[in-house]
Amino acid sequence: MSVAQKDYKKVTVKTLQDMKVNGEKISMLTAYDYTMARIVDGAGVDVILVGDSASNVMAGHLTTLPITLDQMIYHASSVVRGVSRALIVVDLPFGSYQSDPKEALRSAIRIMKESGAHSIKVEGGKEIKESIKRILNAGIPVMGHLGLTPQSIYKFGTFTVRAKEEEEAKKLISDALMLQKAGCFAVVLEKIPAKLAKKVAEKLTIPVIGIGAGNGVDGQVLVLHDMIGMTHEFNPRFLRRYLNLYDEMTTALSQYVTDVKSLDFPSEDEQY
């Protein structure tokens, strides 16, 4: 059953809560630069995540671990300048919040002050509870992230589906409830069984955004470069490619090379 969509001129954390209450699904995509952010925002996407996945798609690293706080602030600042409607969430990068609540607060404050973003996102549950509380006490909105948490990939040793076993599923539910009680405005669930994700979404009063977590949650998020087909090596079950830009761009670029070498470009009409 479809739900009538309200025209939100500016998306805030309250907007997302209203959307959950009204049964309207939340759309969320990543962006890492001004040009892409303008396009994503103009298309009506509700939430833009400046993800630490920039480490992969923008810098070519195998994991999200190498990206720094300074680099995240650079990407976030670029996105902020291109957005007028969407809520902007920025990942705190690996090492900037896990071990020391005071460092977590300093990292979050730097992102908010230096980029102009609206909120931050952290990975983990009770292990980082004190860091989350410290950030929230400063008035900074926090989005949680459970399930497959890429910053912990070396602990997991694999990108396989998480929380398939009862013990891990119980911990995930407990962590999700803890994040809500602490004051997080939303939680991302990554690559967990759809039934479990639906159960979490029904238990929580805050929005639950899924990636590889089925359609029983309150919204969906994908990495922009994956869903428009700029990447082509990454093919998880949950990914739907809405474009195939890799092939289209390769064809266009090859044609440009041919036109330059054959003197077809620039033509008479393309000269002064």
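Being a predicted model, the structure only gives us computed values, none of them experimental.
For the salt bridge (Lys or Arg N to Asp or Glu O under 4.0 Å) test, residues two or more places apart in sequence or in another chain that qualify with Asp91 are Lys121. Checked against ring pair (Phe, Tyr, Trp, His ring centres under 6.0 Å), His232 has the following partners two or more places apart in sequence or in another chain: Tyr246. Take Glu127 and apply the salt bridge (Lys or Arg N to Asp or Glu O under 4.0 Å) test, not counting sequence neighbours, and it matches Lys171. Among residues two or more places apart in sequence or in another chain, the salt bridge (Lys or Arg N to Asp or Glu O under 4.0 Å) test is passed with Asp218 by Lys20. A search for side-chain contact (heavy atoms from CB on, under 4.5 Å) contacts involving Asp247 returns Asn244, not counting sequence neighbours. The salt bridge (Lys or Arg N to Asp or Glu O under 4.0 Å) check on Lys14 picks up Asp18, with sequence neighbours excluded. Every residue two or more places apart in sequence or in another chain was checked for a ring pair (Phe, Tyr, Trp, His ring centres under 6.0 Å) with Phe238, and none qualifies.
Among residues at least two apart or in separate chains, there is no ring-ring contact (aromatic ring centres under 6.0 Å, His included) pair with a member in residues 49-105. Contacts classified as ring-ring contact (aromatic ring centres under 6.0 Å, His included) and involving residues 103-127 (residues at least two apart or in different chains) are not found.
One distance of note links OG1 of Thr63 with CD1 of Ile153; it measures 8.5 Å at 0.5 Å rounding. The NZ atom of Lys199 sits 12.0 Å away from the CG atom of Leu204 when rounded to the nearest 0.5 Å. Here Lys126 contributes atom NZ and Ser174 contributes atom OG; the two are 7.0 Å apart, rounded to the nearest 0.5 Å. The CD atom of Glu130 sits 9.5 Å away from the CG atom of Asn137 when rounded to the nearest 0.5 Å. To the nearest 0.5 Å, the span separating OG1 on Thr149 from NZ on Lys155 amounts to 6.0 Å. Put simply, CZ on Arg106 and CG on Leu69 are 11.0 Å apart, with the number rounded to the nearest 0.5 Å.
In summary, the side chains of Thr251 and Glu248 do not present any donor paired with an acceptor at a separation below 3.5 Å, with no hydrogens or angles considered.
A salt bridge links Glu202 with Lys198: at least one charged nitrogen is closer than 4.0 Å to a carboxylate oxygen.
Using a 4.5 Å heavy-atom cutoff, the side chains of Val223 and Phe234 are not in contact. A heavy-atom distance below 4.5 Å is found between the side chains of Glu168 and Arg162. Inter-residue side-chain proximity for Asn235 and Arg241 is flagged as met; some heavy-atom pair is nearer than 4.5 Å. Put simply, the side chain of Thr15 does not reach to within 4.5 Å of the side chain of Leu87, judged on heavy atoms. Side-chain contact between Pro150 and Glu123 is present, with heavy atoms from C-beta onward closer than 4.5 Å. At least one side-chain heavy atom of Arg110 sits less than 4.5 Å from a side-chain heavy atom of Asp70. You'll find the side chain of Ser107 reaches within 4.5 Å of the side chain of Glu103, heavy atoms only. Side-chain contact between Ser77 and Ile73 is present, with heavy atoms from C-beta onward closer than 4.5 Å.
When all heavy atoms of Asn215 and Lys25 are compared, the pair lying nearest together is O-NZ, 3.9 Å. Of all non-hydrogen atoms in Asp52 and Ile67, the two that sit nearest each other are CB-CG2, 3.9 Å. Pairing each heavy atom of Gly125 with each of Asp175, the nearest pair is CA-CG, 3.6 Å.
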Does the pair Val221 and Val47 meet the rule for a side chain to side chain contact (heavy atoms under 4.5 Å, CB included), with working shown? CA-CA 9 Å; Val221 59; Val47 183; over 6 Å; no

Working note: Leu179 + Leu146, criterion side chain to side chain contact (heavy atoms under 4.5 Å, CB included); need CA distance, chi angles, decisive distance, verdict. CA-CA 10 Å; Leu179 291 173; Leu146 299 171; 3.8 Å; yes

Does Ser131 form a side chain to side chain contact (heavy atoms under 4.5 Å, CB included) with Arg134? I'd like the steps, not just the answer. CA-CA 5 Å; Ser131 291; Arg134 185 69 65 101; 5.8 Å; no

Go through it in stages, so that I can follow the logic: the residues are Leu92 and Ile135, the test is side chain to side chain contact (heavy atoms under 4.5 Å, CB included), and I'd like the CA-CA distance, side-chain angles, deciding distance and then a yes or no. CA-CA 11 Å; Leu92 282 186; Ile135 296 169; 3.9 Å; yes

Side-chain polar contacts of residues 28-36 - donor-acceptor pairs under 3.5 angstrom, sequence neighbours left out - could you list them?
{"from": "Thr30", "atom 1": "OG1", "to": "Tyr32", "atom 2": "OH", "distance (Å)": "3.1"}
{"from": "Thr30", "atom 1": "OG1", "to": "Leu224", "atom 2": "N", "distance (Å)": "2.8"}
{"from": "Tyr32", "atom 1": "OH", "to": "Ser53", "atom 2": "OG", "distance (Å)": "2.6"}
{"from": "Asp33", "atom 1": "OD1", "to": "Thr35", "atom 2": "N", "distance (Å)": "3.1"}
{"from": "Asp33", "atom 1": "OD1", "to": "Met36", "atom 2": "N", "distance (Å)": "2.9"}
{"from": "Tyr34", "atom 1": "OH", "to": "Arg38", "atom 2": "NH1", "distance (Å)": "3.4"}

Enumerate donor-acceptor pairs with a distance under 3.5 Å from any side-chain N or O in residues 180-195 to protein atoms, sequence neighbours excluded.
{"from": "Gln180", "atom 1": "OE1", "to": "Thr205", "atom 2": "N", "distance (Å)": "2.6"}
{"from": "Gln180", "atom 1": "OE1", "to": "Thr205", "atom 2": "OG1", "distance (Å)": "3.1"}
{"from": "Gln180", "atom 1": "OE1", "to": "Ile206", "atom 2": "N", "distance (Å)": "3.2"}
{"from": "Glu190", "atom 1": "OE1", "to": "His145", "atom 2": "NE2", "distance (Å)": "3.0"}
{"from": "Lys191", "atom 1": "NZ", "to": "Phe159", "atom 2": "O", "distance (Å)": "2.7"}

Side-chain polar contacts of residues 252-260 - donor-acceptor pairs under 3.5 angstrom, sequence neighbours left out - could you list them?
{"from": "Ser254", "atom 1": "OG", "to": "Thr250", "atom 2": "O", "distance (Å)": "2.8"}
{"from": "Gln255", "atom 1": "NE2", "to": "Asp259", "atom 2": "OD1", "distance (Å)": "2.8"}
{"from": "Thr258", "atom 1": "OG1", "to": "Ser254", "atom 2": "O", "distance (Å)": "3.1"}

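Each of Asp41, Asp46, Asp7 was checked for a salt bridge (Lys or Arg N to Asp or Glu O under 4.0 Å) with Arg85, and the lone residue meeting it is Asp46.
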